[in-house]
Structures are given as C-alpha cells and as structure tokens.
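Report on the structure given below.
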Amino acid sequence: MNALATPADLEAAVAGSAFVQEVTEVKHYTDRLFKFRTTRPASFRFRSGEFVMIGLLVDGKPLYRAYSIASPSWDEELEFFSIKVPDGPLTSHLQKIQPGNAILMKKKPTGTLVNDALTPGKRVYMFSTGTGIAPFASLIRDPETYEKFDQVILTHTCREVAELGYGEELVEATRNDPLIGELAREKLVHYTSVTREDFPRQGRITDLMASGKLFTDLGVPPIDPAIDRGMICGSMEMLKDTKALLEQFGLTEGANNKPAEFVVERAFVG
C-alpha cells in the first residue's frame, strides 16, 4: 500500500490499534524542514511538551518514529515539526504528505520536557536546536508555563538563517494569541543563533553560554540553580554538551518521578 494513504485506507490496516488522523495543513520552510497539522482524537490527552509515536504504512507495515507534539494541550488540532531525510525510512515518505492524507498515531504520549518535571523557579531556559524546538512550541503556548515562571527564555540554534523561520513565526503568533498573548509579550524571550551563515548572533548555544555572551545579550545573571531551570532538546551532541554546562552551573537533572532543576528529551526522528 502507498505510504500516502487516506484515513479509510489506514483504518482498515490498523484495525483500532492506533489512531488514524487526517492531515489538515502542511507548510515547508526549507528543503530540510516542514510542519504539518492533523485532526485530534477526542479521547487523546497529553501534557504540553510530551511526544508521541507517529507513522505511516511503509511497504504495507506501520512504521513509527517519536515526534514531539508542537501544539499545546488545549489545541483542537495536533501540530508536528519535522526534518526531511532523503533516505529516512519514515521522513522520506512523510515529507510528501498533503492535506487529506492520513497518519498513524500511537495512543500513549510520554516525555520528560513537561512543567511537572521541574521544581519551582523564577526563570526557565528552553534550549533547542533544529526541530528540537517542537516541544517548546507546545510549552510556550501553554498558560501553565507562564503561571510557573516569571521569565521564559526560548533559545533556538540552526545551521542557516532560513531554518529559524518556524520559530520566528511561532513566537510572533504566540505573542498575538488571544489566550496567552499578553503573558507571552510580558514573559517570553526568543534568542536565536546560527552556525553556518552570517547573523547577528553566531555560534552554538553552548559556546554562547560558556563565553557568557548569552547572559550579556539577555541582560540576566549567569544561571543560578536557586532560581533558574532548564529544558534541552536537540542533537545528541548538543544534549550532552548543554547538560554538562548546566551541571557545571550547579543544576541537577530531573525526571517525571523526581523533579529537579533541568530535564532532557532523548527521543529522535529519523
């Protein structure tokens, strides 16, 4: 069966073992990045920042990968932000979807990038590279994030300027949102950097942290475990390096069953 199937085709193939959701919108930002939105099952509940397994029928068999849910928990639809891998087992097909096509979605969300996994603090840093911004796209649109923190700093580092487009569009929409726009305009800070092109802020976020430039640019003191919290989502190397830096600042890694000063997401798309 073709990977780009209709909802009826997939319903017959999975027989209730997964949700079948129709694609409602697709937007391509670069030749490597795109977002898509789908319908949401009435029974599907998740915490902002969690991920879920989504997939397609490939060669007649369901193929799933972990995707952060980019929409907030209150949204009537689901949003996902994806890379395009030319020979990726899933993304080589997924990048071709159009409105009216359908995807498969497992029924149980999970993940560590949730507000509940952090102890109370005044400021939260959301460190992201590439499509790692997706869980934070959910969290910065959730009123609970602004209830818990006085300042929300979203950092997004990409290789090229055009790859920042999703985040820039997201933050602008959030600041103009009727539900949380006022809170976002007051508390949300968006800090971008690029590694392979000219840009006002160049370099990996870990280098900008280690040199102190991040804090100088933001006009805030260096990270303090008494008041600062962190969330990390990106490449394996970025996760390792950012985690090490936060630990140097004195922060401790937490989890759902043991909240602490920072959390890391280790689910990836391929």
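What's counted below: heavy atoms across the whole structure, side chains too, no hydrogens, waters or symmetry copies. Residue indices begin at 1 and follow the sequence shown.
- At least one side-chain heavy atom of Met126 sits less than 4.5 Å from a side-chain heavy atom of Ile140.
- A single hydrophobic cluster is not seen to contain both Leu218 and Leu164; linkage of ILVMFWY side chains at heavy-atom distances under 4.5 Å, directly or through other members, places them apart.
- For Asn256, the side-chain hydrogen bond (donor to acceptor under 3.5 Å, both in side chains) test picks out Arg47, with sequence neighbours left out.
- Donor-acceptor pairing under 3.5 Å is recorded for the side chains of Glu169 and Tyr29.
- Between the CG atom of Leu56 and the NZ atom of Lys61 there is a distance of 16.0 Å, given to the nearest 0.5 Å.
- Between Glu265 and Leu239, the shortest heavy-atom distance links the atoms O-CD1, 3.3 Å.
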Thr39 vs Gln21, side-chain hydrogen bond (donor to acceptor under 3.5 Å, both in side chains): CA-CA, chis, key distance, verdict: CA-CA 6 Å; Thr39 54; Gln21 297 309 122; 2.7 Å; yes
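- A distance of 12.5 Å separates CE of Met236 from CE of Met238, quoted to the nearest 0.5 Å.
- Under the 3.5 Å distance criterion, the side-chain polar atoms of Arg175 are matched with a main-chain donor or acceptor of Leu188.
- The closest donor-acceptor contact from the side chain of Thr91 to the backbone of Val85 lies under 3.5 Å.
- The distance from the CG atom of Leu139 to the SG atom of Cys233 is 10.5 Å, given to the nearest 0.5 Å.
- The pair Glu144-Lys148 does not count as a salt bridge, with every side-chain nitrogen at least 4.0 angstrom from each carboxylate oxygen.
- Between Leu179 and Pro143, the shortest heavy-atom distance links the atoms CD2-CG, 4.2 Å.
- A distance of 12.0 Å separates CZ of Phe249 from CZ of Phe262, quoted to the nearest 0.5 Å.
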Phe19 and Tyr64: CA distance, side-chain angles, deciding distance, ring-ring contact (aromatic ring centres under 6.0 Å, His included) verdict: CA-CA 12 Å; Phe19 291 123; Tyr64 292 95; over 10 Å; no
Test side chain to side chain contact (heavy atoms under 4.5 Å, CB included) applied to Leu94 and Tyr67, step by step: CA-CA 12 Å; Leu94 192 63; Tyr67 269 77; 3.2 Å; yes
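- Looking only at distances, no side-chain donor or acceptor of Arg229 sits under 3.5 Å from a matching main-chain atom of Glu261.
- From Thr131, atom OG1 reaches atom NZ of Lys84 across 13.0 Å, with rounding to the nearest 0.5 Å.
- Under the 3.5 Å distance criterion, the side-chain polar atoms of His156 are matched with a main-chain donor or acceptor of Gly130.
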Phe127 and Leu214: CA distance, side-chain angles, deciding distance, side chain to side chain contact (heavy atoms under 4.5 Å, CB included) verdict: CA-CA 12 Å; Phe127 298 106; Leu214 170 67; 4.2 Å; yes
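- The number of heavy atoms from other shown groups lying within 6.0 Å of CD (Glu182) does not exceed 12.
- Ser68 places no side-chain N or O within 3.5 Å of a backbone atom of Ala70 that could act as its donor or acceptor partner.
- Taking 4.5 Å as the limit, every side-chain heavy atom of Thr24 sits out of range of all side-chain heavy atoms of Thr38.
- Remark: of the listed residues Arg37, Arg141, Arg40, Arg37 is the sole one forming a salt bridge (charged side-chain N to carboxylate O under 4.0 Å, His left out) with Asp75.
- Taking a 6.0 Å sphere around CD of Glu172, one finds it holds 12 or fewer heavy atoms contributed by other residues, nucleotides or ligands.
- Distance check: Leu33 CG to His28 NE2 gives 11.0 Å after rounding to the nearest 0.5 Å.
- Of the possible donor and acceptor atoms, none in the side chain of Glu50 sits under 3.5 Å from a partner among the backbone N and O of Phe46.
- When atom types are taken as modelled, the side chain of Ser138 and the backbone of Ser71 share a donor-acceptor pair closer than 3.5 angstrom.
- The hydrophobic clustering, which links ILVMFWY residues whose side-chain heavy atoms are closer than 4.5 Å, places Leu90 and Ile69 together.
- Between Ser193 and Thr157, the shortest heavy-atom contact is OG-OG1, 2.7 Å.
- When hydrophobic clusters are built by joining Ile, Leu, Val, Met, Phe, Trp and Tyr residues whose side-chain heavy atoms come closer than 4.5 Å, directly or via intermediates, Val114 is not grouped with Val152.
- Closest of all the heavy-atom pairs between Asp228 and Leu251 is O-CD2, 3.8 Å.
- The pair Asp207-Lys213 does not count as a salt bridge, with every side-chain nitrogen at least 4.0 angstrom from each carboxylate oxygen.
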side-chain hydrogen bond (donor to acceptor under 3.5 Å, both in side chains) between Ser48 and Asp142, intermediate numbers included: CA-CA 7 Å; Ser48 295; Asp142 192 320; 2.6 Å; yes
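- Under the 4.5 Å side-chain heavy-atom criterion for ILVMFWY residues, a single connected hydrophobic cluster contains both Leu246 and Tyr191.
- The side-chain heavy atoms of Leu118 and Pro259, taken from C-beta on, include no pair separated by under 4.5 Å.
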Candidate pair Ile153 and His190, rule side chain to side chain contact (heavy atoms under 4.5 Å, CB included), full reasoning: CA-CA 6 Å; Ile153 298 172; His190 186 209; over 6 Å; no
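- With Phe80 as the fixed residue, the ring pair (Phe, Tyr, Trp, His ring centres under 6.0 Å) test singles out one of Phe51, Tyr166, Phe36: Phe36.
- Scanning for side-chain hydrogen bond (donor to acceptor under 3.5 Å, both in side chains) contacts around Lys96 gives an empty result, with sequence neighbours left out.
- Between Asp150 and Arg123 the shortest side-chain heavy-atom distance does not fall below 4.5 Å.
- Panel note: side chain Thr195, backbone Gly203; no donor-acceptor pair is recorded below 3.5 Å.
- Between Ala117 and Thr112, the shortest heavy-atom distance links the atoms CB-O, 3.6 Å.
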Stepwise side chain to side chain contact (heavy atoms under 4.5 Å, CB included) test for Ile54 and Val52: CA-CA 6 Å; Ile54 67 171; Val52 70; 3.7 Å; yes
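- Cluster membership for Leu154 and Val161, using ILVMFWY side-chain heavy atoms within less than 4.5 angstrom, is not shared.
- Looking only at distances, no side-chain donor or acceptor of Thr206 sits under 3.5 Å from a matching main-chain atom of Asp241.
- Nearest approach of Gly132 to Pro135, heavy atoms of both residues: O-CD, 3.3 Å.
- Here the side chain of Lys187 pairs a donor or acceptor atom with the backbone of Tyr146 at under 3.5 angstrom.
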